[in-house]
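Just below is one structure, and these are the notes that go with it.
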Amino acid sequence: MEENGEKRSLDFIRTIVEEDNESGKFGGRVATRFPPEPNGYLHIGHAKSICLNFGIAGEYGGTCNLRYDDTNPAKEDTEYVEAIERDVRWLGFDWDGLYHASDYFQALYDHAVTLIKAGKAYVDSLSADEIREHRGTLSEPGKNSPWRDRPAQENLDLFRRMKEGEFPEGAHVLRAKIDMASGNINMRDPVMYRIIQEPHYRTGDEWHIYPMYDYAHCVSDSIEKITHSLCTLEFEDHRPLYDWFLDELAVYHPQQIEFSRLNLNYAVMSKRRLLELVRDGYVNGWDDPRMPTISGLRRRGYTPESIRNFCTRIGVTKQESVIDISLLEHSVRDDLNKRALRVMAVLNPLKVTITNYPEGGSEELDAVNNPEDPSMGTRKVPFSGQLYIERDDFMENPPKKFFRLSPGVEVRLRYAYFLRCEGVVKDENGEITELLCTYDPATRGGDAPDGRKVKATIHWVSAPHAIKAEVRLYDRLFTVPEPGADGEDYKEHLNPDSLTVLKDRPVEPGLADAEPGVNYQFERLGYFTPDARDSKKGALVFNRTVTLKDSWAKEKNKP
RNA sequence: UGGGGCAUAGUAUAACGGUAGUACUAUGGACUCUGGAUCCAUCAGUCUAGGUUCGAAUCCUAGUGCCCCAGCCA
């Protein structure tokens, strides 16, 4: 485990892979797969699995297949298939083989026949309720089905007729004959096939029986010559069954390894809940920017790199854990800081009139596109005597540590001039409607020739030049770290303020051509990106990806 | 009370019998034409009790706590 004299720290799965490569267990071969069921959109938890499976394949010169676990026609749909492929690609991965469990329906059927002939599987004609009753409980053994010793010929005949569609759903199932007294409930004669009279999105009405996960998955892995079959912890109990099928069939045998799934606080991650949020309109679709789905994060402005980096940071173990959402946010900020174009926009505008600026005059000033990356160049930003600044950047009676604009105080307008507030205009309610200020022409570009300093730099947009945009601010979808944790309905914890829509906000005119897929930093505010669905030329819509860290906000909230 | 698994700062994650380290968070400071970024510092941890050993997060024993499993879902 030493490379270039430096110790590498491998996660437990990579450690196993390296050991297997050394011992020659799989002939030095590494083959993984990412096996989603096309019954929903991929989320950040899937990203962990994707990064793990594709990552390991890449690191060890192996292969990684994308395989749909499409064994339940009642739940699956091509819409999901397309979304899954788009999301995996967008994350930056490409699969070696693209397969479906449904590609293997015939092979699976043939293998089932083999097990029946060997007396290792039988057709059970008990009802679902009766099977449950016979299964026993966690602490009591189950009872054998009266059909358990049906002759092989009869099993074969029944199984064939199940396939042909002769029976209604629930009439029969095919079960593995293992051990009804096993402490592991998965081994109490698990169902291998059930009758489903519904067309499959790929195989149509060719089949009337469909294999269960436990049977289909291990055989699919075997067919694809997977070496390391990585899955989440809840399948640990299923491993003996995974092994049993492959051993009984005497076929190629991958190794199943389980790791803990990703949990994020202030979010829900189960497909059931995500589907419910979408279906019942709590959010606007699977790609709503508040959703922890890959498509939602993409629309929100997250980059593939930031998600991959996040997945690296969280690691891979068998410990149940809840990752702090702030780590995800840190990952985007870290990435966007390096790549986002800096621009100026004002979300909560306050009008400023510069009383000593030439009437009706304007000029263009140079602004840096990204101080972290000089190669991104500079741009011209129009300036005039009529500006918008952020309302939060002015206080008439500032507290001690407030460094921004206030009466008599001088601040710098970013890339422009020093500005001093000389007067405050209010309406009949006492609300501030406008600031009357003066500027120092000698400070053009932002530096004073006499060397005097200001405590703050604020952003601005020239009012006559500004274009207007809609800005959508997102906050966490839930108000508590673990929604629904105390047995309450997680929907009780939905954050009513998770979306704030701001209309007609002034932004600098250079943004007129902003296209989705480009990340901007609105200086001093946060990272924003045009909404891929709703933003149009002339009707811009920006999504806030994440705020900038704001130490004044903290200071402000101190008691 | 059947079976399977997991316990290291607030949250994650390293250390594989030899100085408990890293990241995020929080706090304080330096710097700054973003109160951003960057840099520095601080707070803070081996589930418990025994044992083995010169030495234990690591090995042994006994406890404790938490998670998963009784779909014809995956």
Side-chain angles (χ1 to χ4, degrees), chain A residues 1 7 9-11 15 35-37 39 69 71-72 74-75 124 126-128 131-133 135-142 169-175 181-188 190-196 209-210 212-214 216-217 231-240 258 260 265 271-272 313-331 333-334 337-338 342 344 367-368 371-372 401-404 411-416 445-447 453-459 481 521-526 547-556:
Chain A
M1 306 241 180
K7 272 190 192 149
S9 177
L10 294 175
D11 61 65
T15 302
E37 183 189 15
N39 69 343
D69 241 328
T71 56
N72 187 349
K75 292 188 176 176
D124 196 346
L126 253 27
S127 70
I131 286 182
R132 188 177 339 105
E133 284 160 19
R135 190 152 29 226
T137 68
L138 292 178
S139 52
E140 299 157 31
E169 291 188 11
H172 309 283
V173 291
L174 184 73
R175 292 231 254 169
S182 173
N184 181 347
I185 289 177
N186 296 118
M187 300 298 271
R188 318 238 263 231
V191 173
M192 292 171 62
Y193 272 93
R194 75 288 211 195
I195 297 167
I196 299 179
I209 54 172
Y210 292 89
M212 298 285 290
Y213 165 85
D214 284 305
H217 200 86
C231 62
T232 44
L233 248 31
E234 67 270 26
F235 292 104
E236 215 151 16
D237 290 348
H238 296 240
R239 193 173 62 233
E258 310 84 13
S260 60
N265 59 16
K271 276 194 185 177
R272 200 202 97 235
R313 282 181 231 254
I314 61 176
V316 181
T317 67
K318 297 190 73 146
Q319 283 151 248
E320 305 258 1
S321 60
V322 180
I323 306 288
D324 201 317
I325 191 96
S326 66
L327 186 61
L328 217 209
E329 294 175 344
H330 172 261
S331 299
R333 285 196 189 99
D334 190 43
N337 178 47
K338 289 177 235 155
R342 312 294 136 120
M344 292 194 284
V368 173
E372 302 290 319
K401 289 190 178 173
F402 185 84
F403 303 138
R404 281 115 87 146
V411 297
R412 173 167 38 233
L413 293 169
R414 181 89 159 140
Y415 300 124
D447 288 304
K453 303 282 183 198
V454 288
K455 291 277 272 184
T457 299
I458 65 172
H459 62 277
Q521 184 195 100
F522 289 1
E523 291 215 33
R524 304 206 306 132
L525 296 173
T547 60
L548 246 28
K549 290 220 281 188
D550 183 355
S551 51
W552 166 244
K554 273 180 204 160
E555 186 64 38
K556 197 168 54 175

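First the proteins, then the strands, lettered A, B, ... as listed; each starts at 1.
- Both thresholds, 5.5 Å between centres and 30° between ring planes, are not jointly met by Y213(A) relative to the base of A74(B), so the two rings are not stacked.
- S326(A) has no side-chain polar atom (N or O) that falls below the 4.0 Å cut-off from OP1 or OP2 of U11(B).
- Using a 4.5 Å heavy-atom threshold, the side chains of M344(A) and I458(A) count as separate.
- Under the Watson-Crick or G-U wobble criterion, with both distances below 3.5 Å, A57(B) has no partner in any strand shown.
- For R404(A) against G35(B), a side-chain-to-base donor-acceptor contact under 3.5 Å is present.
- Backbone-only contact: L327(A) has heavy atoms under 4.0 Å from sugar-phosphate atoms and none from a base.
- Here V173(A) lies in heavy-atom contact (under 4.0 Å) with a base.
- If you take atom C1' in A56(B) and the same atom in A15(B), they sit 13 Å apart, rounded to whole Å.
- Comparing S321(A) and N39(A) along RNA chain B, the residue whose closest nucleotide (by nearest heavy atom) sits nearer the 5' end is S321(A).
- Atom CD1 in I195(A) sits roughly 16 Å away from atom C1' in G71(B) (whole-Å rounding).
- If you check every strand for non-hydrogen atoms under 4.0 Å, E236(A) touches sugar and phosphate atoms only.
- Taking 4.5 Å as the limit, every side-chain heavy atom of R342(A) sits out of range of all side-chain heavy atoms of V368(A).
- The residue among E320(A) and K549(A) whose nearest nucleotide of RNA chain B lies closer to the 5′ end is K549(A).
- Between the C1' atom of A12(B) and the CD atom of E329(A) lies a distance of 16 Å, rounded to the nearest Å.
- Within 4.0 Å (heavy atoms only), F402(A) reaches at least one base atom of the nucleic acid.
- I458(A) places its CD1 atom 16 Å from the C1' atom of G36(B), with the value rounded to the nearest Å.
- Across all strands shown, V322(A) has heavy atoms under 4.0 Å from sugar-phosphate atoms exclusively, and none from any base.
- Using a 4.0 Å heavy-atom distance criterion, L126(A) is classed as a base contact.
- With a 3.5 Å ceiling on both atom-pair distances, the Watson-Crick or G-U wobble partner of U42(B) is A26(B).
- Here the straight-line distance linking atom CG of D69(A) with atom CD of E37(A) works out to 7.0 Å at 0.5 Å rounding.
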If you apply the rule side chain to side chain donor-acceptor pair (under 3.5 Å), what do you find for Q319(A) with S321(A), and how did you get there?
CA-CA 6 Å; Q319(A) 283 151 248; S321(A) 60; over 6 Å; no
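- No engagement by R239(A) is indicated, since no non-hydrogen atom pair under 4.0 Å with the nucleic acid exists.
- Nucleotides A14(B) and A9(B) are separated by 13 Å at their P atoms, to the nearest Å.
- The side chain of R333(A) places no N or O atom within less than 4.0 Å of a non-bridging phosphate oxygen (OP1 or OP2) of G36(B).
- Here the separation of U11(B) from C67(B), taken at their P atoms, is 15 Å to the nearest Å.
- Among the atoms of the strands shown, base atoms are found under 4.0 Å from some heavy atom of P371(A).
- Counting heavy atoms from C-beta outward, R404(A) and W552(A) have side chains that approach closer than 4.5 Å.
- Across all strands shown, the partner of U13(B) is G21(B), judged by Watson-Crick or G-U wobble contacts whose two distances both fall under 3.5 Å.
- Of the C1' atoms belonging to G50(B) and G18(B), the separation is 23 Å, rounded to the nearest Å.
- An OP1 or OP2 oxygen of U27(B) is reached within less than 4.0 angstrom by a side-chain nitrogen or oxygen of K554(A).
- G35(B) atom C1' lies 20 Å from atom CZ of F522(A), rounded to whole Å.
- At a threshold of 4.5 Å between non-hydrogen side-chain atoms, the residues H238(A) and N184(A) do not count as touching.
- Taking atom P on both nucleotides, C43(B) is separated from U27(B) by 16 Å, rounded to a whole Å.
- For Q319(A) against G5(B), no side-chain N or O and base N or O form a donor-acceptor pair under 3.5 Å.
- At a threshold of 4.0 angstrom between heavy atoms, the contacts of N72(A) are confined to the sugar-phosphate backbone, with no base atom among them.
- For R194(A) and C73(B), the shortest distance from a side-chain N or O to OP1 or OP2 is below 4.0 Å.
- G5(B) takes the anti form, because its glycosidic angle lies more than 90° either side of 0.
- For H330(A) and C24(B), the shortest distance from a side-chain N or O to OP1 or OP2 is below 4.0 Å.
- Nucleotide A62(B): paired with U48(B) (Watson-Crick or G-U wobble, both distances less than 3.5 Å).
- With rounding to whole Å, Q521(A) atom CD is found 10 Å from G35(B) atom P.
- Here, A74(B) and C69(B) have their C1' atoms 14 Å apart, quoted to the whole Å.
- The side chain of K556(A) places no N or O atom within less than 4.0 Å of a non-bridging phosphate oxygen (OP1 or OP2) of G35(B).
- Nucleic acid contact for I314(A): sugar-phosphate only, since backbone atoms but no base atoms lie under 4.0 Å from a heavy atom of the residue.
- Among the protein residues, D447(A) comes within range of the nucleic acid bases, having at least one heavy atom under 4.0 Å from a base atom.
- Separating the CG atom of N265(A) from the P atom of U25(B) is a distance of 13 Å, rounded to the nearest angstrom.
- Across all strands shown, G35(B) forms no Watson-Crick or G-U wobble pair with both distances under 3.5 Å.
- Using a 4.5 Å heavy-atom threshold, the side chains of N39(A) and N72(A) count as separate.
- A gap of 27 Å separates the C1' atoms of C54(B) and C47(B), to the nearest Å.
- Between R313(A) and C24(B) there is no side-chain polar atom (N or O) within less than 4.0 angstrom of OP1 or OP2.
- Side-chain proximity of E234(A) to the nucleotides U34(B), C68(B), C69(B) is greatest for C68(B).
- Annotation: A23(B) and U58(B) have their P atoms spaced 25 Å apart (nearest Å).
- Atoms CD and OH, on E523(A) and Y415(A) in that order, are 4.5 Å from each other to the nearest 0.5 Å.
- Contact annotation for H459(A): no contact, since no heavy-atom pair falls under 4.0 Å across all strands.
- Nucleic acid contact for E372(A): base, since at least one base atom lies under 4.0 Å from a heavy atom of the residue.
- Ion pairing between a basic and an acidic side chain is recognised when a charged N comes within 4.0 Å of a carboxylate O; E236(A) and K318(A) show such pairing.
- Checking the phosphate oxygens (OP1, OP2) of A74(B), a side-chain nitrogen or oxygen of T71(A) falls inside 4.0 Å.
- Heavy atoms of Y210(A) sit nowhere under 4.0 angstrom from any nucleic acid atom.
- Comparing atom distances between the D69(A) side chain and each of A74(B), G5(B), G35(B) picks out A74(B) as nearest.
- Separating the CD1 atom of I131(A) from the P atom of C73(B) is a distance of 11 Å, rounded to the nearest angstrom.
- Counting atom types as modelled, D237(A) pairs a side-chain N or O with a base atom of G3(B) as donor and acceptor under 3.5 Å.
- Within the structure, a side-chain polar atom (N or O) of T317(A) is placed less than 4.0 Å from OP1 or OP2 of U13(B).
- Between the CZ atom of R135(A) and the CG atom of L126(A) there is a distance of 10.5 Å, given to the nearest 0.5 Å.
- Checking the phosphate oxygens (OP1, OP2) of C72(B), a side-chain nitrogen or oxygen of R135(A) falls inside 4.0 Å.
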